[in-house]
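These numbers come from a predicted model, not from an experiment. Atoms within each ligand, like the ligands themselves, are counted from 1 in listed order.
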Amino acid sequence: MATASGPGPTEPPSADPGSAAPAAAAAARAPADRAALRMAGIVGGLIVALLGGFGLGRAATQPATAPPVGASHVDVPGAPQHGHGGTAGVNGESVVGGVANGLAAVAVGYRIVPGATVLPPGAARPFTFRILDAAGATVTRFIDNHERKLHLIVLRRDVTGFQHLHPVMAPDGTWSIPLRLPAPGIWHAYADFIAADAAGRQTPVTLGVDLTAPGAYAPAPLPAPAAAVAVGGYRVALEGSARAGAIQPVRFRVTRGGDPAPLDRYLGAYGHLVVIRTSDLGYVHVHADVTMAADAVQFWLSPPSPGTYRAFLDFSTGGAVRTAPFTLNVT
Ligand SMILES: [Cu+2]
């Protein structure tokens with residue numbers, strides 16, 4: 001089962017530094033989104049997201065040039081299919097089979113080529129990279145996925161310092177973003193995207209690369225599981241459990257002063273969940289789409305293995321994106 005924990009002493013929940021523009025965009029969409037929220041309440045439908053990343057979820061609904069080895073796809077009964085770029089769809093599959101993504105710089109015919117990977121801590125440094133295809137050509141065609149063409153997740157080896165960023169791509173395919181690594185240590189960056197080849201085939205990919213922030217590394221202990229965390233004046237409670245090999249709902253209930261907090265749609269969903277296996281930083285990106293389940297953001301989880309995970313819930317309230325971290329013990 002999964003239980004939750006509060007943020008660690010060295011890991012203050014922080015808004016996504018790269019999300020100021022998305023937050024503003026979300027605010028601009030608020031009226032329509034609230035209408036969607038009301039409708040969602042009426043429909044009371046399931047919010048289904050998947051474990052296995054943007055990528056693996058897409059693999060079940062779109063032709064992929066090379067499905068992840070070892071992954072198998074399991075339909076969640078009654079779940080509509082996943083939509084694209086914030087359209088009205090929900091993830092209809094989950095992934096089991098012991099596969100986590102983002103550990104390798106090369107996967108399913110694509111590789112990531114970073115610029116400088118030694119980034120002195122404390123100040124924003126330019127971080128650049130390109131995605132190459134199997135022929136060595138720089139990829140410039142990416143498919144919108146939750147309103148962005150590429151999602152960059154960054155955290156330190158001790159699963160602190162989570163950042164969810166959206167780099168910009170130059171016409172030549174070079175992605176760049178100012179990246180601040182706040183403290184020394186080995187960090188890991190995950191590039192999560194759907195590449196399109198010349199034939200139009202779409203391949204969901206998550207690639208990873210290590211970054212170094214020189215200096216004395218003082219790893220933080222993993223916070224113990226807890227049922228709720230406080231972030232930015234909100235309380236986020238975790239309900240549900242997760243078992244390896246099973247697909248089970250997990251809900252996050254956001255309240256303020258005991259009342260349900262109205263959530264904005266952010267990047268096409270009421271919540272975005274990244275789950276990291278602490279033993280190896282294996283990456284799982286989960287989304288909840290379209291609807292709320294009894295004032296909670298619900299995901300369907302199928303962890304690839306037992307173990308300890310750190311889950312990061314991105315949610316938006318009043319146009320501001322916040323991150324609530326939880327420790328999950330998966331049996
Ligand atoms: Cu993103």
Side-chain angles (χ1 to χ4, degrees), residues 13-29 33 47 49-58 82-87 89-91 100-102 110 112 114 127-129 131 139 142-155 159 161-169 175-180 187-196 202-209 211 231 252 263-276 281 283-290 297 299 310-317 319-325:
S14 60
D16 175 354
S19 66
R29 291 193 306 275
D33 292 340
I47 301 168
L50 61 101
L51 190 93
F54 287 135
L56 293 177
R58 288 304 190 283
H82 192 278
H84 292 263
T87 57
V90 292
N91 295 304
N101 286 331
Y110 292 89
I112 184 170
F127 177 58
T128 65
F129 60 93
I131 305 298
V139 177
F142 295 85
I143 305 301
D144 278 348
N145 185 13
H146 289 277
E147 303 183 0
R148 293 292 182 278
K149 295 192 185 302
L150 187 143
H151 304 260
L152 186 74
I153 303 297
V154 177
L155 49 70
V159 296
F162 176 88
Q163 299 183 52
H164 178 169
L165 308 169
H166 299 111
V168 296
M169 189 186 76
W175 292 90
S176 62
I177 191 162
L179 177 60
R180 176 181 175 268
W187 294 70
H188 198 71
Y190 308 81
D192 186 334
F193 58 90
I194 301 171
Q202 300 177 8
T203 304
V205 191
T206 304
L207 302 177
V209 62
L211 308 175
V231 51
F252 295 92
L263 300 184
D264 310 320
R265 279 173 64 86
Y266 167 60
L267 299 177
Y270 288 111
H272 298 261
L273 189 65
V274 169
V275 181
I276 302 293
L281 299 190
Y283 168 87
V284 172
H285 196 153
V286 192
H287 282 261
D289 288 1
V290 183
V297 183
F299 302 87
R310 188 72 165 158
F312 301 90
L313 174 72
D314 285 339
F315 65 97
S316 176
T317 49
V321 178
R322 296 177 172 83
T323 301

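Among the backbone and side-chain atoms of H272, none of the N, O or S atoms lies under 2.8 Å from the Cu ion (ligand 1). In summary, an N, O or S atom of H151 is located under 2.8 Å from the Cu ion (ligand 1).
From T206, atom OG1 reaches atom CD1 of I194 across 9.5 Å, with rounding to the nearest 0.5 Å.
We find that D314 and R322 are not joined by a salt bridge, their nearest charged nitrogen and carboxylate oxygen being 4.0 Å or further apart.
W175 and F142 have perpendicular rings, their planes meeting at more than 60° on a 0 to 90° scale where under 30° would count as parallel.
For the ring-ring contact (aromatic ring centres under 6.0 Å, His included) test, no residue two or more places apart in sequence or in another chain qualifies with F315.
For the Cu ion (ligand 1), the nearest N, O or S atom contributed by H166 is named NE2.
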